[in-house]
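Below is one structure, written out as structure tokens, with a few remarks after it.
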Amino acid sequence: MSNYRNIQVFTGNANPALAEDIADYLGMEVSKAVVKSFSDKEIGLSIAESVRGADCYVIQPTCTPVNDHIMELLIMIDCLRRASASRITAVMPYYGYARQDRKTKSREPITARLVANLITKAGANRVVTFDLHAGQIQGFFDVPVDHLTGVPLLSDYIKKKNFKEAIVVSPDIGGVSRARVMAERLHLPLAIIDKRRPKPNVAEVMHIIGNVDGKTAIMLDDIVDTAGTITLGAKALMKNGAKEIYVCGIHGVLSGPAIDRIKKSVITEVVMTDTIPLSPSKKIDKIHVLSTASLIGEAIIRIHEDVSLSQLFI
């Protein structure tokens, strides 16, 4: 029996397994909700228990199919608001459209802001998310945002490997601050891959800044999508003398040729969190998944009890 009787955890179809694990951590069951589609693919939803006065948490990463999962989240938030929930927190372990956070040329949208506006307008009182592609997305919301990180989970896993000679590698300039946090936690040096993107989902390695010769390289990225960045980066690191390559990725999007590229790559292991569910077809020996349930569950407890979350980042 849970000690948190006023907490209710809901989920759509995006990652029900993660919601179940979070509910287990809280000592409760996922609250009853039915999400279905009509014949024309409109989303229908019904909640089968009272939420009046409850502190509600909707666990819903907006992973593929992104648009369907965003609509499920918005509809569930609206439903809870109209059913008189006292507080509604959108728990989005993976925030879709985060890569469209600014205009890089004329006549482009800022879709990350649009999604933030939709979530706020639907009735969310708070947002919990995980390793945003750009931290400034927090400022797109007009409600409080708790920005968790999977770096401590990944760092603890790597620490157990007891590598004798290792180096943390950022796959691009934009990921340096994230990689530096891991490097400091592991007391390791830092290297940077100088990369350019001629077009979306296409990467080209230019230079490697730092000495990787004879070392185990631990490459850290927030999103592993088509795996072009990590496989090209791994190849470049091996050419520069690295003896082994491990990749740590927060969000395993793994679209298109990703699995095939990882299979054929020089990478020893790809370690990811479960912010996005790994489908059976993507479960290969080179991929290891870490659970975020305890971290998200602890964040929910601290939000519910109005306690600081800063301890979760130590």
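Residue numbers run from 1 in the order of the sequence given.
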Quick one, [X] and [Y] - any side-chain contact, counting heavy atoms below 4.5 Å?
| X | Y | value |
| --- | --- | --- |
| Tyr25 | Ile301 | yes |
| Ile167 | Leu188 | no |
| Ile284 | Ile287 | yes |
| Leu254 | Leu278 | yes |
| Val35 | Met76 | yes |
| Val289 | Thr273 | no |
| Val9 | Ile59 | yes |
| Phe141 | Asn117 | no |

Take Glu108 and Gln100, measure what side-chain hydrogen bond (donor to acceptor under 3.5 Å, both in side chains) needs, and give me the verdict at the end. CA-CA 9 Å; Glu108 281 190 339; Gln100 298 180 41; over 6 Å; no
For the student: nearest non-hydrogen atoms of [X] and [Y], plus distance:
| X | Y | answer |
| --- | --- | --- |
| Gln8 | Ser50 | OE1-O, 3.1 Å |
| Gln60 | Pro93 | C-CD, 4.2 Å |
| Ala179 | Ser170 | CB-CB, 3.7 Å |
| Val247 | Ile230 | CG1-CG2, 3.8 Å |
| Pro171 | Thr229 | CB-CG2, 3.7 Å |
| Leu45 | Ile47 | CD2-CG1, 4.0 Å |

For the [atom1] atom on [X], are there more than 12 heavy atoms of other groups (residues, nucleotides or ligands in this structure) within a distance under 6.0 Å?
| X | atom1 | value |
| --- | --- | --- |
| Lys286 | NZ | yes |
| Lys243 | NZ | yes |
| Lys264 | NZ | no |
| Lys239 | NZ | no |

Do NZ/NE/NH1/NH2 and the carboxylate oxygens of Arg99 and Asp225 come within less than 4.0 Å?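 Yes, Arg99 and Asp225 are salt-bridged.
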NZ/NE/NH1/NH2 to OD/OE distance under 4.0 Å, Arg302 and Glu298: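 So Arg302 pairs with Glu298 through a salt bridge.
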To the nearest 0.5 Å, what is the distance between [atom1] ([X]) and [atom2] ([Y])?
| X | Y | atom1 | atom2 | answer |
| --- | --- | --- | --- | --- |
| Ile70 | Ile119 | CD1 | CD1 | 7.0 Å |
| Asp222 | Arg178 | CG | CZ | 4.0 Å |
| Thr275 | Leu18 | OG1 | CG | 8.0 Å |
| Ile75 | Ile43 | CD1 | CD1 | 5.0 Å |
| Asp21 | Thr292 | CG | OG1 | 8.5 Å |
| Leu73 | Asn13 | CG | CG | 12.5 Å |

Verdict with reasoning, Leu186 to Phe163, per side-chain contact (heavy atoms from CB on, under 4.5 Å): CA-CA 10 Å; Leu186 297 175; Phe163 294 125; over 6 Å; no
If we ignore hydrogens and angles and just use 3.5 Å, is the side chain of [X] paired with the main-chain N or O of [Y] as donor and acceptor?
| X | Y | result |
| --- | --- | --- |
| Asp172 | Gly175 | yes |
| Arg261 | Thr226 | yes |
| His251 | Phe130 | yes |
| His147 | Thr129 | no |
| Thr216 | Ala166 | no |
| Thr64 | Val66 | no |

Spell out, yes or no, whether [X] and [Y] are grouped together once hydrophobic residues are joined by side-chain heavy atoms under 4.5 Å, including indirect joins.
| X | Y | result |
| --- | --- | --- |
| Met28 | Phe10 | no |
| Val143 | Met92 | yes |
| Tyr57 | Val128 | yes |
| Val30 | Ile22 | no |
| Tyr157 | Tyr246 | yes |

Checking side-chain hydrogen bond (donor to acceptor under 3.5 Å, both in side chains) between Arg87 and each of Asn125, Asp55, Asn6, which is the one that passes?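 Per the side-chain hydrogen bond (donor to acceptor under 3.5 Å, both in side chains) rule, the option paired with Arg87 is Asp55, out of Asn125, Asp55, Asn6.
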Hey, mind stepping through Glu269 and Lys161 against salt bridge (charged side-chain N to carboxylate O under 4.0 Å, His left out) and telling me if it holds? CA-CA 12 Å; Glu269 186 177 49; Lys161 297 285 186 181; 3.5 Å; yes
Does any donor atom in the side chain of His69 or Thr62 lie under 3.5 Å from an acceptor atom in the other side chain?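 Note: His69 and Thr62 side chains miss the donor-acceptor criterion.
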Tyr97 side chain to Asn67 side chain, donor-acceptor N/O pair below 3.5 angstrom: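 Indeed, the side chains of Tyr97 and Asn67 share at least one donor-acceptor pair under 3.5 Å.
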How about His133 and Tyr95: are their ring centres within less than 6.0 Å of each other?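 They do not qualify: ring centres at least 6.0 Å apart.
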Check step by step if salt bridge (charged side-chain N to carboxylate O under 4.0 Å, His left out) holds for Arg81 and Asp78. CA-CA 5 Å; Arg81 176 175 61 86; Asp78 180 75; 2.7 Å; yes
Just do the side-chain contact (heavy atoms from CB on, under 4.5 Å) check on Ile303 and Leu309 with the steps written out, would you? CA-CA 8 Å; Ile303 291 166; Leu309 271 67; 4.0 Å; yes
Run Thr89 and Val91 through side-chain contact (heavy atoms from CB on, under 4.5 Å) and show every step you take. CA-CA 6 Å; Thr89 300; Val91 182; 4.2 Å; yes
Pair Thr120, Asp142 - check side-chain hydrogen bond (donor to acceptor under 3.5 Å, both in side chains), show working. CA-CA 7 Å; Thr120 305; Asp142 293 326; 5.7 Å; no
Show your working on side-chain contact (heavy atoms from CB on, under 4.5 Å) between Asp131 and Tyr94 and close with a plain yes or no. CA-CA 8 Å; Asp131 284 284; Tyr94 174 68; over 6 Å; no
